[in-house]
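Some notes on the structure that comes next.
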Amino acid sequence: IGAFTEKDKKVINSRYEEVFSLFPRLKERINQPAGTMSGGEQQMLAVGRALMAGPKLLMLDEPSLGLAPIVVDEMFDKFKQINRELGVTILVVEQNAFIALDAAKRGYIISLGKVVMEGDAKALLDDPNVQADGNHNKAGKRSPRPPSRPYSRTGRFFASARAGSCEAPRHRKSARR
């Protein structure tokens with residue numbers, strides 16, 4: 001379905017192989033109806049279908065929602081691989097700031113509809129305000145894969161892993177009418 005705009009069969013077959021190499025489990029389940037797949041497999045299918053269109057930008061809204069922690073780790077590793085190997089820019093909106101920042105190059109933390117922090121993802125990971133939820137190991141270091149916990153109850157997190165040398169988005173103040 002994702003490659004419906006592409007007419008070249010060679011390109012479509014190449015994209016199938018890319019998706020199946022990223023998500024071998026999908027190849028095993030090629031004849032299984034999507035509705036009978038697990039949540040993680042459905043997420044893989046959704047990302048794979050999007051990749052079939054050959055996007056330059058992949059936008060993901062809460063990709064960890066409802067998934068087991070091990071599947072979340074797998075998916076975010078795949079997002080990094082998609083960015084690195086396929087050159088696809090990825091924009092993630094995620095409650096779990098730690099997992100998103102770990103995968104991102106740049107991050108924006110939004111609370112109550114306002115950007116409260118932004119910057120390099122690794123710098124945000126080290127920021128005490130982001131670490132304020134106590135997600136540290138006994139040595140006081142941030143755990144490499146902390147459990148799913150939001151920045152705040154009302155916070156939303158935007159992370160982006162940009163391909164190439166894209167510029168960071170500029171903030172514009174909109175005039176109220």
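- Here the closest non-hydrogen pair linking Phe20 and Leu26 is CE2-C, 3.9 Å.
- A donor-acceptor pair under 3.5 Å is absent between the side-chain atoms of Glu94 and the main chain of Ile99, judged by distance alone.
- Ring-plane geometry between Phe76 and Phe79 is classed as perpendicular, the angle between the planes exceeding 60 degrees on a 0 to 90 degree scale with a lower cut at 30.
- Linking Ile, Leu, Val, Met, Phe, Trp and Tyr residues whenever their side-chain heavy atoms come within less than 4.5 Å places Phe98 and Val116 in a single cluster.
- In this view, Glu74 and Arg25, Met44, Ile70 satisfy the side-chain contact (heavy atoms from CB on, under 4.5 Å) rule, not counting sequence neighbours.
- Under the 4.5 Å side-chain criterion, counting only non-hydrogen atoms from C-beta, Met37 is in contact with Leu45.
- Smallest separation of non-hydrogen atoms from Pro33 and Thr36: O-OG1, 2.7 Å.
- Of all heavy-atom pairs between Met52 and Val19, the closest is SD-CG2, 4.0 Å.
- Closest heavy-atom contact between Leu67 and Val71: CD1-CG1, 4.1 Å.
- Remark: side-chain polar atoms of Glu41 are paired, donor with acceptor, to backbone N or O of Ser38 under 3.5 angstrom.
- Using a 4.5 Å cut-off on side-chain heavy atoms (C-beta onward), Met75 and Phe23 make contact.
- Shortest non-hydrogen contact noted between Ala121 and Ala104 is CB-O, 3.2 Å.
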Give the intermediate values and the outcome of side-chain contact (heavy atoms from CB on, under 4.5 Å) for residues Lys105 and Asn83.
CA-CA 11 Å; Lys105 294 177 184 167; Asn83 175 251; 3.4 Å; yes
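- A distance-only check finds no donor-acceptor pair linking the side chain of Asp120 to the backbone of Arg106 [under 3.5 Å].
- Side-chain contact between Leu51 and Arg15: absent, with no pair of heavy atoms (C-beta onward) separated by less than 4.5 Å.
- A heavy-atom distance below 4.5 Å is found between the side chains of Met59 and Leu57.
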Quick one: do Val93 and Leu60 satisfy side-chain contact (heavy atoms from CB on, under 4.5 Å)? Show the steps, please.
CA-CA 6 Å; Val93 178; Leu60 304 168; over 6 Å; no
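- At distances below 3.5 Å, not a single donor-acceptor pair connects side-chain atoms of Glu17 with backbone N or O atoms of Ser21.
- The nearest pair of heavy atoms linking Leu58 to Ala50 is CD1-CB, 3.6 Å.
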Under the side-chain contact (heavy atoms from CB on, under 4.5 Å) rule, what do Val47 and Ile82 come out as? Steps first, then yes or no, please.
CA-CA 10 Å; Val47 171; Ile82 290 165; 3.8 Å; yes
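- We find the CG-CD distance between Asn96 and Glu62 to be 9.5 Å, quoted to the nearest 0.5 Å.
- Of the inter-residue distances, the one linking Leu86 atom CG with Leu22 atom CG reads 6.0 Å to the nearest 0.5 angstrom.
- In this structure a side-chain-to-backbone donor-acceptor pair under 3.5 Å is present from Gln43 to Pro63.
- For Lys56 (side chain) and Thr89 (main-chain N/O), no donor-acceptor pair under 3.5 Å exists by modelled atom type.
- A distance-only check finds a donor-acceptor pair linking the side chain of Lys122 to the backbone of Asp102 [under 3.5 Å].
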